[in-house]
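Here the structure is laid out as structure tokens; the discussion comes afterwards.
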Amino acid sequence: GDYLLFGHDNGSIASWTTTEAPDAGLNISRLSREWRFDETDGGLGNGVGTVKFIINTSTFPALPVGYTKYALMVDADGDFSSGAKVYETFSPGSNQFYEISGIDLNDGDYVSVAAVKPTVNFLAAASAGSESLSTAYLPVRLNYIPLNLLIVDFATANGTAIAPGDYTAFADTVAFQPGNSFAHVEITVLNDVIPEGDETFTVTLSNPPAGINLGTITVHTYTIQDCVILPTAFNVGASA
């Protein structure tokens, strides 16, 4: 009693477009064609379960220069520019057939196919937090959901904040787990209880895996906000 029906809107597959593509089309393009899925639950409440997609790319245009991956995009409202999940696909036979397993579709979901230039960068160029917070969490993003573990190097550098007094200098790696396009660089911040104003340090990404590019935001500036409140000066009048 469970059914999964789907069809497409006859959109073009003759070229790649950045219209309604994630990240405003930066390092990702998609086919204009969209498929929509209708899932009917037979009454047990679990639908058809997860789905395996096999995509025949033989009729697709060539990947744009620098774009090395096909991806499956799934979105609830059909506007892939926001909210779309971008799943990496792979070719088990090293041919025109690419696949991805374990996709859990919802009734009414839209699907399209993307061309991806694999890119990693910080989610933002700057952030701030009180020095009373023991750890600074700096989000790092991959522009697709990976099938395998990916590791990128990072290192801190002093600004007006000086290690080891203000924070702990660190050079390590940040790991993207399979199925997760976000990770965090974690830096220990020290509360020195000295009134010294806000101070900054930077963290720089480097050495991505082969085939992965560094994006536009590879340096993140973190501001340690001083939490020491200076006493307020006041006069005490003499009593008669």
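Taking the six-membered ring for Trp, Tyr222 and Phe170 have ring centres at least 6.0 Å apart.
With Ser181 contributing its side chain and Asn143 its backbone, the two residues share no donor-acceptor pair below 3.5 Å. Within the 3.5 Å criterion, the main-chain N or O of Asp79 finds a donor-acceptor partner in the side chain of Asp75. Remark: side-chain polar atoms of Arg30 are paired, donor with acceptor, to backbone N or O of Thr19 under 3.5 angstrom. Here the side chain of Thr18 pairs no donor or acceptor atom with the backbone of Ser29 at under 3.5 angstrom. Under the 3.5 Å distance criterion, the side-chain polar atoms of Ser91 are matched with a main-chain donor or acceptor of Phe97. No donor-acceptor distance shorter than 3.5 angstrom exists from the side chain of Asp153 to the backbone of Ala171, with no hydrogens or angles considered. A donor-acceptor contact shorter than 3.5 Å links the side chain of Asp166 to the backbone of Ile162.
In this structure, Glu131 and Glu199 have side chains that are not in contact, with every pair of non-hydrogen atoms separated by 4.5 Å or more. Looking at Asn158 and Phe201, their side chains never come closer than 4.5 Å, going by heavy atoms from C-beta outward. The shortest distance between side-chain heavy atoms of Tyr144 and Leu142 falls below 4.5 Å. Here the side chains of Phe154 and Leu205 are in contact, with some heavy-atom distance below 4.5 Å. Side-chain contact between Phe90 and Glu99 is present, with at least one heavy-atom pair separated by less than 4.5 Å.
With values rounded to the nearest 0.5 angstrom, Asp41 atom CG is found 9.5 Å from Asp107 atom CG. A distance of 9.5 Å separates CG in Asp172 from CD1 in Ile151, rounded to the nearest 0.5 Å. Going from atom CD1 of Ile187 over to atom NE2 of His220 covers 10.0 Å, rounded to the nearest 0.5 Å. Distance check: Ser112 OG to Arg36 CZ gives 14.5 Å after rounding to the nearest 0.5 Å. Residue Leu149 holds its CG atom at 5.5 Å from CD of Gln177, rounded to the nearest 0.5 Å. Atom OG1 of Thr89 and atom CD1 of Ile54 lie 11.5 Å apart (nearest 0.5 Å).
Of all heavy-atom pairs spanning Lys52 and Ser101, the tightest one is CG-OG, 3.5 Å. Closest approach of Ser206 and Val152 over heavy atoms only: O-CG1, 3.3 Å. Closest of all the heavy-atom pairs between Asn191 and Ser132 is ND2-CA, 3.9 Å. Listed here is the closest heavy atom pair of Glu39 and Gly47: OE2-CA, 3.4 Å. The two residues Ala21 and Ile28 come nearest to each other via the heavy atoms CB-O, 4.1 Å. Taking each heavy atom of Arg141 and Leu123 in turn, the nearest pair found is CD-CD1, 3.9 Å.
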What pairs of donor and acceptor atoms, side-chain ones from residues 58-74 against any protein atom, are under 3.5 angstrom apart with sequence neighbours left out?
{"from": "Ser58", "atom 1": "OG", "to": "Asn56", "atom 2": "OD1", "distance (Å)": "2.9"}
{"from": "Lys69", "atom 1": "NZ", "to": "Glu88", "atom 2": "OE2", "distance (Å)": "2.8"}

Tell me which donor-acceptor pairs under 3.5 Å the side chains of residues 208-218 have, and how far apart each pair is, sequence neighbours excluded?
{"from": "Asn213", "atom 1": "ND2", "to": "Pro118", "atom 2": "O", "distance (Å)": "2.8"}

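For the side chain to side chain contact (heavy atoms under 4.5 Å, CB included) test, residues two or more places apart in sequence or in another chain that qualify with Asp9 are Arg33, Glu34.
If you chain together hydrophobic residues whose side chains sit under 4.5 Å apart, Val48 and Phe6 fall into the same group. Clustering ILVMFWY residues whenever any of their side-chain heavy atoms sit less than 4.5 angstrom apart, transitively, puts Leu150 in the very cluster that holds Val203. If you chain together hydrophobic residues whose side chains sit under 4.5 Å apart, Trp16 and Ile55 fall into the same group. One hydrophobic cluster, built from ILVMFWY side chains closer than 4.5 Å, holds both Leu138 and Ile224. In the hydrophobic clustering of this structure, Phe37 groups with Leu31; members are Ile, Leu, Val, Met, Phe, Trp, Tyr whose side-chain heavy atoms approach within less than 4.5 Å, directly or through other members.
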Are Ile100 and Leu147 close enough, and set up right, to give a side chain to side chain contact (heavy atoms under 4.5 Å, CB included), and what steps lead you there? CA-CA 9 Å; Ile100 176 68; Leu147 289 167; 3.4 Å; yes

Go through the steps to decide whether Val140 and Phe122 satisfy the test side chain to side chain contact (heavy atoms under 4.5 Å, CB included), and finish with yes or no. CA-CA 4 Å; Val140 186; Phe122 284 109; 3.8 Å; yes

